[in-house]
Chemist: 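Before anything else, here's the structure in question.
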Amino acid sequence: MTIHPRIGHGFDLHRLEPGLPLILAGAALDHDRGCVAHSDGDVVYHAVTDAILGALGEDDIGQLFPDDDDANRNADSSRFVAEAVLKMRGHGYEIGNLDVTIILERPKLSPHKADFRQNLSVLLGCGAERVSVKGKTHEAVDALGENRAIACHVVVMLVPDPQA
Ligand code: MG
């Protein structure tokens, strides 16, 4: 059976409120606020999970890990990515490349990008050269630009795993 590359897109957004931790791609950032969420609120890992699940045509993150399930309360979101990666392997795919865009006004992401790429490449089982992370501000416009929310877009290309 011939299997072809598959593309997926993931998007996530969380409100930011004072006194909560800000966790992005598994890294805790110093900030005056963090994500309101049932889990640890990691928008990057949530969008990555949905991008992979979308590429596979599987149920999405909300169906697999419902936010009314106590098992997911304050969950380390790397668990969601790991589950998506298991499904990816089960379908005979590996990461071709992954492109992440994080939208937030503050703090600056440039000091953290190398950590984000490293965490993602370990979790996804691929080289860091296959992972791109970009940060964008929202030019002070709307909730994203007013430091009241954070969003993330991810596009992933899955390619047939030669080991499968
Ligand atoms: Mg989320």
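This chain uses plain numbering: 1 for the first residue, then up along the sequence. Ligands are counted one by one from 1 in listed order, and the atoms in each one are counted from 1 as well. All values derive from a computational prediction rather than experimental measurement.
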Chemist: Mind checking what makes ring-ring contact (aromatic ring centres under 6.0 Å, His included) contact with Y93, not counting sequence neighbours?
Modeler: none
Chemist: Please find the pair of heavy atoms, one from I61 and one from D50, that lie closest to each other, and give the distance.
Modeler: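 Result for this residue pair: N-OD1, 2.9 Å.
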Chemist: Can you tell whether the side chains of D76 and R79 come within less than 4.0 Å, N to carboxylate O?
Modeler: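 Answer for the salt bridge query: no.
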Chemist: Just to verify, what does H9 make a side-chain hydrogen bond (donor to acceptor under 3.5 Å, both in side chains) with, not counting sequence neighbours?
Modeler: H153
Chemist: Taking side chain as C-beta onward, heavy atoms only, is I95 less than 4.5 Å from L158?
Modeler: yes
Chemist: If you leave out waters, which protein N, O or S atoms are less than 2.8 Å from the Mg ion (ligand 1)?
Modeler: D12 OD2, H14 NE2, H46 ND1
Chemist: Which pairs with one or both residues in residues 39-63 pass ring-ring contact (aromatic ring centres under 6.0 Å, His included), sequence neighbours excluded?
Modeler: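 For residues 39-63: H14-H46, H46-F80.
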